[in-house]
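Okay, so here's the structure we're looking at.
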Amino acid sequence: NSIDNALKIGCSTFQIFSRNPRGWVARPLQDEDVENFRKKLSKSKIDRDSVFIHMPYLPNLSSSDSKLHKKSTDTLVDELSRSSILGIHYLILHLGSHGGKGKANGINQLMKACKFAFDNYYKLSSSAVTEKKKSDNNGNSKDSVTIVLENSAGEKNSIASKFDELALILDKLKSSMDRDSFGICLDTCHAFAAGYDLRTDDVVDDTLDKFNSEVGLKNLKVIHLNDSKDEL
């Protein structure tokens with residue numbers, strides 16, 4: 001129903017969860033649902049590259065806890081596969097918390113998770129993705145998925161609340177893997193909470209100039225345009 005709901009309120013872009021965002025267990029995607037989704041999207045006026053899946057909230061890909069990290073990485077593998085099967089090219093994820101082990105450790109854990117996920121998603125999803133492409137009326141054969149990194153609000157032990165750190169992580173990931181496999185989601189509430197002013201036209205320009213100089217607007221795939229319950 002997501003496409004119908006989006007069109008009903010005049011959206012040209014939308015984001016969904018492919019599963020319960022507050023649970024670990026995911027119901028398998030049903031062939032009929034997948035076919036209906038892909039057909040509806042192909043026939044709609046919504047561009048396929050304007051549709052996003054968001055990872056569930058429980059995974060922590062920066063965790064140093066081995067059990068949590070594995071569980072989180074397995075979820076990422078599954079979400080990449082589900083995105084491909086649905087024909088959605090962008091998967092947004094929160095980068096998580098290093099849990100007091102330091103930002104360098106958290107970034108290394110995140111990199112390990114992304115590398116493992118891409119390696120295994122391609123292996124596990126290749127046959128399923130090939131099968132699902134048959135139902136894409138656009139004839140679009142590119143069902144590879146880009147991981148989109150969302151800036152954090154600067155909570156204790158979180159990583160990537162500052163643009164320079166987000167850029168560092170993006171560069172590390174791109175240099176170690178396929179350069180087209182990563183992008184950025186800029187969440188305005190998170191940025192504001194992390195100290196980037198967005199209250200007037202001038203400071204919005206300044207903040208976006210800073211983002212462009214440190215991260216690069218070319219890497220920006222989506223904006224979460226959120227209000228803040230605090231000062232603004």
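No experiment lies behind these values; they were computed from the predicted model shown.
Taking all atoms of both residues into account, the shortest heavy-atom contact from Lys156 to Ser97 is O-OG, 4.3 Å. For the pair Phe37 and Val51, the tightest heavy-atom approach, listed with the atom from each and the gap, is CZ-CG1, 4.4 Å. The two residues Arg48 and Leu86 make their nearest non-hydrogen contact at NH1-O, 4.0 Å.
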- Message: Is there a ring-ring contact (aromatic ring centres under 6.0 Å, His included) between Phe182 and Phe118? Walk through the geometry before answering.
- Response: CA-CA 11 Å; Phe182 299 94; Phe118 270 125; 5.5 Å; yes
- Query: For Asp49 and Lys221, what are the C-alpha separation, side-chain angles and deciding distance, and is it a salt bridge (Lys or Arg N to Asp or Glu O under 4.0 Å)?
  - Reply: CA-CA 9 Å; Asp49 284 339; Lys221 303 300 182 185; over 6 Å; no
- Please test Thr75 against Trp24 for side chain to side chain contact (heavy atoms under 4.5 Å, CB included), starting from the C-alpha separation and ending with a verdict. CA-CA 8 Å; Thr75 301; Trp24 287 104; 3.6 Å; yes
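A distance-only check finds no donor-acceptor pair linking the side chain of Arg82 to the backbone of Val77 [under 3.5 Å]. Not one N or O on the side chain of Ser50 forms a donor-acceptor pair closer than 3.5 Å with the backbone of Thr13.
Each of His94, Glu150, Glu155 was checked for a side chain to side chain donor-acceptor pair (under 3.5 Å) with His190, and the lone residue meeting it is Glu150.
Residue Asp47 qualifies as enclosed at atom CG: its count of foreign heavy atoms under 6.0 Å is above 12.
Put simply, the side chain of Leu217 reaches to within 4.5 Å of the side chain of Phe211, judged on heavy atoms.
Ring centroid separation for the pair Phe14 and Phe52 does not come in under the 6.0 Å cut-off.
Using cut-offs of 30° and 60° for the angle between ring planes, the His54 and Phe17 rings count as tilted.
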